[in-house]
Amino acid sequence: MTPAIIAFVVLLLIGAPVAVVMAMSGLAGGFAMGGERMLGIIADRMFAGVSGFLLIAVPYFIFTAELMNQGGLTQKLIAFNNALFGRVRGALSHVNISVSVFFAGLTGAAITDTVAIGKIMIPEMKKQGYDAEYAAAITACSSIIGPIIPPSVVMVVYATLLRDISVIDLFAGGIIPGLLMALALLAVSFFLAWKRGYPKQAPTPFKLAVVAFLVALPAMVVPLIILGGILSGMTTITEASGFAAVYAIAIGVVFYRSLTWRKIWHALVVTVRFSGVVFFLLATSAVLGWFVTRSGIAREAAGLITTFSDSTFLQLLLVCALLILVGTIMDVLPALVVVAPVLVPAMIQLGVDPLHFAILMIVVLNISNVTPPVGMTLMTAARIANVPFERAIIASLPFYVAFIVVILLLVTFPSLSTWIPSLLG
């Protein structure tokens with residue numbers, strides 16, 4: 001175990017890519033356990049890590065999201081949500097959050113949400129008198145709803161890493177937590193809009209609101225296609241993701257007439273690049289996960305957690321604090337593939353419901369995506385708003401409070417994560 005830990009720490013400190021860190025630390029640990037004969041097993045583990053049929057859905061979900069971005073879907077959703085909130089003080093702030101909820105059913109990735117919505121909403125918010133750092137903060141904080149409300153690339157990756165939970169249960173389990181996050185953010189947004197006197201907009205005439213809804217409707221059907229097919233049992237995850245991509249091309253080319261062959265090609269290039277990163281991470285994480293299982297690290301982690309407290313509530317809070325710490329220095333997917341093989345078996349040994357912990361882990365790691373010093377989502381929004389990262393962090397503090405409340409609710413009431421999956425049997 002010691003060679004693996006030394007390799008992991010040294011490579012991480014010198015700034016090696018996370019995938020290389022996982023592969024080399026697993027290789028060092030395997031070699032220490034069984035010598036050269038372990039090398040063949042490690043190669044086999046890497047292949048097994050990316051050979052699951054479920055993983056075909058990952059590039060399809062990414063491709064669908066990129067097609068929607070290239071086809072100008074964001075403007076349609078913003079126009080519809082603006083018709084809903086236009087007459088309310090701080091309308092654009094609330095629209096930013098509500099659009100992220102709709103967009104969550106299309107993208108499955110926070111950074112995609114940030115770029116697509118931020119490039120439109122942040123300049124418009126600045127033009128109407130909102131603070132630039134506040135515009136960046138609300139955009140980044142609402143975008144992390146994307147990987148929680150299904151479909152979610154992170155959930156597909158999780159189901160591949162830990163095969164004891166189906167991706168259907170994860171999708172169903174993320175609905176209530178994602179909506180809770182949206183409500184918490186809206187509560188903060190309404191309070192800040194009232195306190196700071198953010199502007200209202202002219203009410204949208206009913207006819208124009210109906211037109212905005214009809215224009216956005218074909219795009220809003222995409223999540224229904226994905227979730228309806230999966231949760232009803234009519235399609236598998238892979239079939240639903242493939243059909244969603246075909247539907248996205250159809251409405252982009254035929255209905256909106258905004259999707260050209262050049263844009264489709266660009267979406268394919270982005271899909272290949274992002275998918276390559278995800279699959280390489282999965283291959284190397286399989287090596288580390290195999291070593292963690294063989295070495296008994298999970299048992300030791302469970303024992304370490306119980307030394308702090310016998311209370312499940314306090315144990316979960318401790319693990320959440322650890323996840324936030326890991327998430328501050330790593331992006332969501334690398335953090336997930338590093339900590340999940342260790343923490344999930346440990347928490348199951350302590351009697352925690354695996355689905356409850358899975359949703360809690362995904363939520364907390366995504367919240368870490370807007371916390372310093374890394375916080376890639378918040379950093380991206382700050383660049384779009386052209387404000388220093390530090391000012392965007394300060395503007396995000398009220399939203400961090402909302403996130404803490406959501407975490408406490410999820411820890412206290414496991415049924416928030418497990419109720420809908422239990423209804424589906």
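As the structure is a computational prediction, the values presented were derived from the model and not from experiment.
Looking at Pro177 and Val406, their side chains never come closer than 4.5 Å, going by heavy atoms from C-beta outward. Contact annotation: the side chain of Leu336 approaches that of Met361 to within less than 4.5 Å [non-hydrogen atoms, C-beta and beyond]. Under the 4.5 Å side-chain criterion, counting only non-hydrogen atoms from C-beta, Pro414 is not in contact with Asp353. Side-chain contact between Leu322 and Leu343 is present, with heavy atoms from C-beta onward closer than 4.5 Å. Ile144 places a side-chain heavy atom less than 4.5 Å from the side chain of Met181. Residues Val188 and Val401 fail the side-chain proximity criterion, which asks for heavy atoms closer than 4.5 Å. Between Lys126 and Asp131 there is no side-chain heavy-atom pair separated by less than 4.5 Å. At least one side-chain heavy atom of Leu360 sits under 4.5 Å from a side-chain heavy atom of Cys320.
When all heavy atoms of Ile324 and Ser368 are compared, the pair lying nearest together is CA-OG, 3.2 Å. Counting all heavy atoms, side chain and backbone alike, Ala135 lies closest to Asn96 at O-ND2, 4.4 Å. Minimum heavy-atom separation, Ile348 to Pro354: CD1-CB, 3.9 Å. Considering all non-hydrogen atoms of both residues, Pro421 and Gly173 come closest at CG-N, 3.6 Å. Scanning all heavy atoms of the two residues, the minimum distance from Gly174 to Pro150 falls at C-CD, 4.4 Å. When all heavy atoms of Pro218 and Leu214 are compared, the pair lying nearest together is CD-O, 3.3 Å.
To the nearest 0.5 Å, the span separating CZ on Phe61 from OG on Ser275 amounts to 12.0 Å. Note that the CG atom of Leu355 and the OG atom of Ser166 stand 8.0 Å from one another [nearest 0.5 Å]. Remark: Leu410 CG to Ile362 CD1 distance equals 11.5 Å, nearest 0.5 Å. Note that NE2 of His356 is 11.5 Å distant from CD1 of Ile165, once rounded to the nearest 0.5 Å. Interatomic distance, Leu323 CG to Leu316 CG, rounded to the nearest 0.5 Å: 10.0 Å. Annotation: the span from Tyr400 atom OH to Ile367 atom CD1 amounts to 10.5 Å, rounded to 0.5 Å.
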Inset, instruction - Please assess Phe403 against Val370 for the test side chain to side chain contact (heavy atoms under 4.5 Å, CB included), listing each intermediate value before the final yes or no. - result: CA-CA 11 Å; Phe403 291 145; Val370 291; 4.1 Å; yes
Inset, instruction - Could you please spell out the steps behind the side chain to side chain contact (heavy atoms under 4.5 Å, CB included) verdict for Thr64 and Tyr247? - result: CA-CA 9 Å; Thr64 302; Tyr247 178 79; over 6 Å; no
Inset, instruction - Verify side chain to side chain contact (heavy atoms under 4.5 Å, CB included) between Leu185 and Cys141, making sure each step is shown before the conclusion. - result: CA-CA 8 Å; Leu185 291 174; Cys141 290; 4.3 Å; yes
Inset, instruction - Check the pair Phe171 / Val156 against side chain to side chain contact (heavy atoms under 4.5 Å, CB included), numbers first and verdict last. - result: CA-CA 9 Å; Phe171 277 13; Val156 175; 4.1 Å; yes
Inset, instruction - Using the side chain to side chain donor-acceptor pair (under 3.5 Å) rule, take Ser189 and Ser93 through it: C-alpha gap first, then chi angles, then the decisive distance, then the call. - result: CA-CA 6 Å; Ser189 175; Ser93 178; 2.6 Å; yes
Legend entry - CA sep, side-chain torsions, deciding dist, call: Tyr60, Phe243, ring pair (Phe, Tyr, Trp, His ring centres under 6.0 Å): CA-CA 9 Å; Tyr60 276 129; Phe243 186 75; over 10 Å; no
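For Thr412 (side chain) and Leu409 (main-chain N/O), no donor-acceptor pair under 3.5 Å exists by modelled atom type. Judged purely by atom type and a 3.5 angstrom limit, Ser152 uses its side chain to pair as donor or acceptor with the backbone of Met155. Looking only at distances, no side-chain donor or acceptor of Ser415 sits under 3.5 Å from a matching main-chain atom of Thr418. In this structure a side-chain-to-backbone donor-acceptor pair under 3.5 Å is present from His94 to Arg89. Counting only distance, with no hydrogens or angles, the side chain of Glu239 and the backbone of Thr236 share a donor-acceptor pair below 3.5 Å. In this structure, the side chain of Tyr158 does not engage the main chain of Val153 through any donor-acceptor pair within 3.5 Å.
Atom CZ of Phe413 has 12 or fewer heavy atoms from other residues, nucleotides or ligands within 6.0 Å.
The one candidate from Val99, Val95, Ile384 that meets the side-chain contact (heavy atoms from CB on, under 4.5 Å) condition with Met121 is Val95.
Under the 30°/60° scheme for interplanar angles, the aromatic rings of Tyr134 and Tyr130 are found to lie parallel.
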